[in-house]
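Only one structure is covered here, and it is reproduced in the block below.
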Protein chains: 2
Amino acid sequence: MSILLAIVDDKKINRQTVKEKLYGFAEISLLLEAESGDNFLEQLNKTKQVPDVVLMDLEMPGCNGIETIRLATANYPSIKFIVLTVFEDSDKIFEAIKAGAHGYLLKEDKAVEIVDAIVNVHEHNGIPMSPLIARKAMNMLMAVPMHAYANEEEDLPIKEDNAGISTREMDVLKELASGKNYKFIGEKLFISPKTVRKHVANIYEKLHVNSRTQVVNIAHKKRWI
Amino acid sequence: MSILLAIVDDKKINRQTVKEKLYGFAEISLLLEAESGDNFLEQLNKTKQVPDVVLMDLEMPGCNGIETIRLATANYPSIKFIVLTVFEDSDKIFEAIKAGAHGYLLKEDKAVEIVDAIVNVHEHNGIPMSPLIARKAMNMLMAVPMHAYANEEEDLPIKEDNAGISTREMDVLKELASGKNYKFIGEKLFISPKTVRKHVANIYEKLHVNSRTQVVNIAHKKRWI
DNA sequence: AAAAAAATACCCCCGAGGGAGTATTTTACT
DNA sequence: AGTAAAATACTCCCTCGGGGGTATTTTTTT
């Protein structure tokens, strides 16, 4: 039995485009179309058959997509909503998911990706997401302080993020990274330049690099300097 | 020209499985395999050709996948890492992304999905993500207060505080800062290593420094890299 | 007290990096 | 068309950095 689909988009041409993309995939059959959130909800209340999956645009006059999802999922929890919109709406993703969306795709995505997503939400419990959307979501996430979503075992002694670099090696590394030569570093740390050499060799080994430049890059990335 | 791929997984059987999945896709050619993070980093430092995309397992003895990604992206920013692992590792997703991963797939994903992801990270700037992973990520996200991730980023029009560095010199500088030697830079930019030398000398003069390391620090400070 | 890890120090060898030039061709801007 | 600036290329010389070691002392952990 095929998956019953609904398409909600205010512009007829958009619905048409989607229909064409889905044309030929036997596992999907179009149950209904709506030109607005309100219209979709009305149709829902009148029909016997409810769709399995709904492709939902966000930018629509009247009741917007997210609100529609929120309302519909309250009464029809079996329906899986996939947001299908343009990239400009992408900051709505968290709102949409929170409202009950089960996927977030871009209109520019390929047909096979959309079909995959429809099948996936229907049969599994994933959240199909366009790569560009995921990128956006992750960017937004990275702005959030890490501790906010820190979970379990984070109470461990500040996880060896330093790749096994010892304290003395770190002393050397800092000087190294600021461009000092062995002689200078040795004088500053009151040790022989030969010893500095040895520390540096060990650092290189631990970081899997072979030049000062690479150490500096890693040091910046890890915010050691 | 096809996409150069690397596979990092401690178990030979897993690498074999992946290879079989990718077999027959002409747009992807396998450049190298590694059985551990350490091994991968070593190979990177020795090979002339750098992979475009790396499929990285997370659970490995020795240097783990995330640490490997962190180290590698610091010095090879052009490489796109896609985590390819089992669902049990899925709570590592934020760590992985933060470390520099560009995708997060499951080993059980279909071949075509993996290929799509590889092509996507190589040609676009998305983060391909398995639906189940996205679900997990969203679940973790929903625990975060909404206001936290309101608005952020947007391409800051940061332009030109460069100290009279010309465009060509900037080309050289970027390679220089990532630890390449003169010969390599020359090949990459289609000029003689002697010319590179000259550019570097000019850069040093303009920035008032006398070593690569110092250039890297300035480049980071000025956010050139 | 014994074992492990870190810190100290040294060796040889060679190539890459850098100082200080000179010089020609291309591109950019009047 | 004429000039300035940038990009290209090369030379000599010498230091410093990095690969690959070995070895002793101190500190930490068990």
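Letters go in sequence order (proteins before strands), and every chain restarts at 1.
- Interatomic distance, B/Leu173 CG to B/Ile165 CD1, rounded to the nearest 0.5 Å: 6.0 Å.
- Atoms CG and OG1, from A/Leu55 and A/Thr85 in turn, are 11.5 Å apart once rounded to the nearest 0.5 Å.
- Taking the side chain as every heavy atom from C-beta outward, A/Gln214 and A/Ile218 never approach each other to under 4.5 Å.
- In this structure, the side chain of B/Arg135 does not engage the main chain of A/Pro128 through any donor-acceptor pair within 3.5 Å.
- Distance A/Leu207 CG to D/dG18 C1': 15 Å, rounded to the nearest Å.
- Rounded to an integer number of Å, the gap from NE2 of B/His199 to P of D/dA5 is 17 Å.
- A salt bridge does not link A/Lys11 to A/Glu35: none of the charged nitrogens lies less than 4.0 Å from a carboxylate oxygen.
- Using a 4.5 Å cut-off on side-chain heavy atoms (C-beta onward), B/Thr73 and A/Lys221 make contact.
- Summarising the geometry, the separation between CD on A/Glu205 and P on D/dG21 is reported as 11 Å, rounded to the nearest angstrom.
- Here the P atom of nucleotide D/dA6 and the CE atom of B/Met170 are 13 Å apart, to the nearest Å.
- Around NZ of A/Lys19, the count of heavy atoms belonging to other residues, nucleotides or ligands within 6.0 Å exceeds 12.
- Atom pair A/Lys180:NZ and D/dC16:P shows a separation of 16 Å (rounding to whole Å applied).
- Using a cut-off of 4.0 Å between Lys/Arg side-chain N and Asp/Glu carboxylate O, B/Lys188 and B/Asp171 are scored as not salt-bridged.
- The nearest whole Å value for the distance from the CG atom in A/Leu173 to the P atom in C/dA7 is 13 Å.
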task = Go along nucleotides 18-27 of chain C 5' to 3' and tag each nucleotide: B for a protein heavy atom under 4.0 Å from its base, S when only backbone or sugar atoms are that close, - otherwise.
result = BB-BB-----
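- Side-chain proximity of A/Thr167 to the nucleotides C/dA7, D/dT8, C/dA16 is greatest for C/dA7.
- For the atom pair OG1 of B/Thr17 and CG of B/Leu84, the computed distance is 10.0 Å after rounding to the nearest 0.5 Å.
- Using a 3.5 Å distance cut-off with no hydrogens or angles, the side chains of B/Ser192 and B/Lys194 do not pair a donor with an acceptor.
- Close to C/dT8, at under 4.0 Å from its OP1 or OP2, lies no side-chain N or O of A/Thr195.
- Listed in residue order, the members of residues 183-194 of chain B having a heavy atom less than 4.0 Å from DNA chain D are B/Ile191, B/Ser192, B/Lys194.
- One axis for each end of the helix from C/dA1-D/dT30 to C/dT30-D/dA1, each built from five base pairs, and the angle between them comes to 80° at 10° resolution.
- A/Arg168 places its CZ atom 13 Å from the P atom of D/dT28, with the value rounded to the nearest Å.
- Taking 4.0 Å as the cut-off between side-chain N and carboxylate O, B/Lys107 and B/Asp9 count as a salt-bridged pair.
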